[in-house]
Structure formats: structure tokens, C-alpha cells
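Worksheet: the structure to be examined is printed underneath.
Predicted model only: the values in this text are computed from it and were never measured. Below, each value reflects all heavy atoms present in this structure, side chains not excepted, and no hydrogens, waters or symmetry copies.
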Amino acid sequence: MDPEAMAQYRYRAVCEVLGGSPIGEVAERYGTTRQSLHTWRKRFEQEGLPGLTDRSRRPRTSPARLPSSVEAAICELRRQHPRWGARRIRHELGQREVTPTPSRATVHRVLTRNGLVQAQVQQHKRKYRRWQREAPMHLWQMDLVGGVMLADGRECKMVTGIDDHSRFVVIATVVAVPSGRAVCEAFAAAMRRYGVPSEVLTDNGKQFTGRHNRPEPVEVLFERVCRENGITARRTKPRSPTTTGKIERFHKTLREEFLDQVAPFASQEAAQQSIDEWVAAYNHQRPHQSLDMAVPATLFRPNGPARPGPIPHRP
């Protein structure tokens, strides 16, 4: 029903009430409530026929509406850091003492309203049981990752390691060839700097284990280094990458926030220097969502410099 017809319909109902008809009967006959009829009559007596038209239900004031300055700050942070989500932006606003600090949901609504996020179809991902060790240096996750490109066209690999409890990166060493010896030298350097972890978790790569060697298992150099330093070497189950999910998540962040954004490095040494600088910021400045926005360095406690034995020439 159009607004003018609706006003006339209500006018006829009000006229019957003003003419003395019982308000309950009129309300039933016109398909409304006694309360609505009282409201119509009051508005008609105060404003005449225009008072019977529909009115906007939008509140005249919005005391909870976010100040324009805060909304502008949210949008500016997103434009400067396109990979920051609502949670990270809210954290940064709090760090900068922006008041009022909006909720995560409010930040997301602002980003959506300003076209700074794209609507995505909800995907019900498989849920995995999350776990972490209760203290630092209990367990390191280690792995290898590629994608370190040099200007001459070569691709280097990285030996990576992360403390399971604190997400502190303990190893990020660029190697030309990811041999077992290169892995062990990077591992030993990390132990000299931070101490010896109780356990280390890796996949079943040939640099880490020889238990799948054929025709019979052998002890590879990495396993020997662990044994001689009293470290329990743990392995993932075959085809179970989520077991080392923390190091895999670090690799994703490394690629998205750093490697994909920089040009090929002039040399392996230049690559190592740049990665060292990025890792330092990752450990000491970048808040981590899985740590409730704490910085990894605030939770990491090294055992102190260690003196692991020299890397033997043969396993």
C-alpha cells in the first residue's frame, strides 16, 4: 500500500474511534492493535492527516557511532598495510592510544563499508586440534623452504626454525644447497646463540632422518647431532603437514609479507642480511595473533649460549 493510501486507511480508523466506536472493535476490524490506534489518534490530533504517514525508525542521534577521525584512521592503516586484518588494526589503534578503541567487529564493518575488504564465501574448513608447549626451549620446529631468488636467476633455500611456545624464529639461514651438513651447521649456530632445545620436530626429509632409507634405515648427520646433544628428535607422520603447522605458517608469512614484496637479491649474502633484518622485526616488533597479539620476544627465554660438539664429517 502506498503512503497516501495508508494514511487514508488509518484516518478512517481514527474517525470511527473519534465517533465513539469501541477502540478494541475498530482495531480488530482494521487489523491492527489498540496501542497502534491510540498512537494514530494522538498523532492525528497533534498533526492532522500528515501525522498518519509512516515515519523513519532510524534514531535521531547515534551516540555509539564511531567518530569520523577513528574511522579515517582505520581506513588509512588498511591502505598502508593491505594485509592487516581487523584484529591487527584494532591492536594498532590501541597501541597508538586512539580513543575510543573500536571492537574487532566494528573495524571489520568500517572496512566493509569503505570497500577495503571483499566479501568472501564462508568456508567451513577442517578443524585441527591446536597445541603448543608450555614453555620456551621445550621444542623447536624445523624445516626447509625455497623462494629466495638471486639476481643471477638462482634460487636459494632457507633452513628455518621456530620455538613452539613463543613463535620466536631461532633459525633463518640462507643456503645455496640444502644438504644435511648445511642444515646441521645452521642448527648448531642457533644452539650456540640460544641454547639446546629439549626436542626438535621435523618432517621426514632426507636431511632430517634416515629411518626411511632403503634397503635399511641409517642414522643421518642431523640425527647424530641431536643424539650427541641430548635432543629428542621427533618426526611428523607421513602426509601430515599440520603437525608442523607453526613453521608452515611462518613460511606463509615470510612469503606474503617479505619475499613476494622484494626484488631478487644481489647475492646470497645480501639475501641473508635482508632476511636477518626482517626476522628481527618479526621477533621483536610484530604482534602475533595466536599469542593474543603479544610479540614473540616477550615470551621467549633462551637457555643461554651452548657449545654443541663440532659437526662430524660423516654421520
Side-chain angles (χ1 to χ4, degrees), residues 1-128 130 252 256-257 287-294:
M1 188 179 296
D2 63 74
E4 184 176 349
M6 177 61 73
Q8 290 293 335
Y9 181 79
R10 292 169 178 170
Y11 172 69
R12 290 195 297 272
V14 169
C15 286
E16 289 192 25
V17 173
L18 294 177
S21 298
I23 192 169
E25 294 180 4
V26 176
E28 183 177 358
R29 193 161 53 252
Y30 280 81
T32 187
T33 64
R34 296 170 59 94
Q35 182 180 3
S36 294
L37 259 178
H38 279 300
T39 300
W40 296 348
R41 183 177 65 179
K42 182 177 180 181
R43 283 163 48 183
F44 177 75
E45 291 172 346
Q46 294 176 346
E47 306 175 33
L49 190 60
L52 299 179
T53 57
D54 283 329
R55 296 180 177 180
S56 172
R57 297 184 179 181
R58 182 176 180 178
R60 297 182 180 180
T61 60
S62 301
R65 183 175 177 83
L66 202 64
S68 58
S69 59
V70 178
E71 183 161 341
I74 292 171
C75 295
E76 184 61 23
L77 283 173
R78 176 70 175 192
R79 293 188 183 99
Q80 292 177 359
H81 306 278
R83 297 187 182 279
W84 284 6
R87 185 175 183 181
R88 177 65 186 275
I89 291 174
R90 179 185 184 278
H91 173 77
E92 293 294 333
L93 292 174
Q95 292 293 103
R96 302 177 190 194
E97 298 183 352
V98 173
T99 55
T101 302
S103 67
R104 179 181 177 180
T106 298
V107 172
H108 182 74
R109 285 195 294 270
V110 169
L111 296 176
T112 302
R113 184 164 59 246
N114 288 275
L116 296 174
V117 294
Q118 295 181 349
Q120 297 180 346
V121 178
Q122 184 178 8
Q123 296 181 350
H124 297 280
K125 298 182 179 180
R126 180 179 177 183
K127 294 183 179 180
Y128 299 97
R130 297 183 181 275
K252 181 180 180 181
E256 292 181 348
E257 297 187 8
H288 205 293
Q289 290 194 22
S290 64
L291 301 177
D292 197 23
M293 303 310 285

Main-chain N/O of T53 paired with R43 side-chain donor or acceptor, under 3.5 Å: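 Checking the backbone N and O of T53 against the side chain of R43, a donor-acceptor pair under 3.5 Å is found.
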
Between [X] and [Y], is any pair of side-chain heavy atoms under 4.5 Å apart?
X	Y	answer
K42	T39	no
R87	H108	no
E28	E25	no
E71	N114	yes

Among T106, L116, L66, V98, exactly one meets side chain to side chain contact (heavy atoms under 4.5 Å, CB included) together with I74. Which residue is that?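 Of the listed residues T106, L116, L66, V98, the side chain to side chain contact (heavy atoms under 4.5 Å, CB included) partner of I74 is L66.
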
Between P287 and M293, which heavy-atom pair has the shortest distance, and what is it?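 Distance-wise, the nearest heavy atoms are CB-O, 3.3 Å.
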
So which atom in L37 and which in A13 form the shortest heavy-atom distance, rounded to 0.1 Å?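 Scanning both residues, the minimum pair turns out to be CD2-CB, 3.9 Å.
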
Spatial distance of atom [atom1] ([X]) from atom [atom2] ([Y]) [nearest 0.5 Å]:
X	Y	atom1	atom2	result
H91	L77	NE2	CG	11.5 Å
L49	Q8	CG	CD	5.5 Å
I89	R104	CD1	CZ	11.0 Å

Around atom CD of Q46, are there more than 12 heavy atoms of other residues, nucleotides or ligands at under 6.0 Å?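 Check passes, neighbour count above 12.
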
Flag yes if more than 12 heavy atoms outside Y30 fall under 6.0 Å of its OH atom; otherwise flag no.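 Yes - once you tally the heavy atoms of other residues, nucleotides and ligands closer than 6.0 Å, there are more than 12.
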
Identify, with sequence neighbours excluded, every residue that meets side chain to side chain donor-acceptor pair (under 3.5 Å) alongside Q80.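 If we apply the side chain to side chain donor-acceptor pair (under 3.5 Å) test to Q80, skipping adjacent residues, the hits are E76.
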
Between V17 and W40, does a side chain to side chain contact (heavy atoms under 4.5 Å, CB included) hold up when you go through it step by step? CA-CA 10 Å; V17 173; W40 296 348; over 6 Å; no

Hey, are E16 and R12 close enough for a salt bridge, meaning a charged N less than 4.0 Å from a carboxylate O?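 Salt bridge absent between E16 and R12.
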
For T112 and R109, which I'm curious about, is there any donor-acceptor pair between the side chains at under 3.5 Å?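 No - no donor-acceptor pair under 3.5 Å links their side chains.
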
Intermediate values then yes/no, side chain to side chain contact (heavy atoms under 4.5 Å, CB included), R78 and V117: CA-CA 9 Å; R78 176 70 175 192; V117 294; 3.6 Å; yes

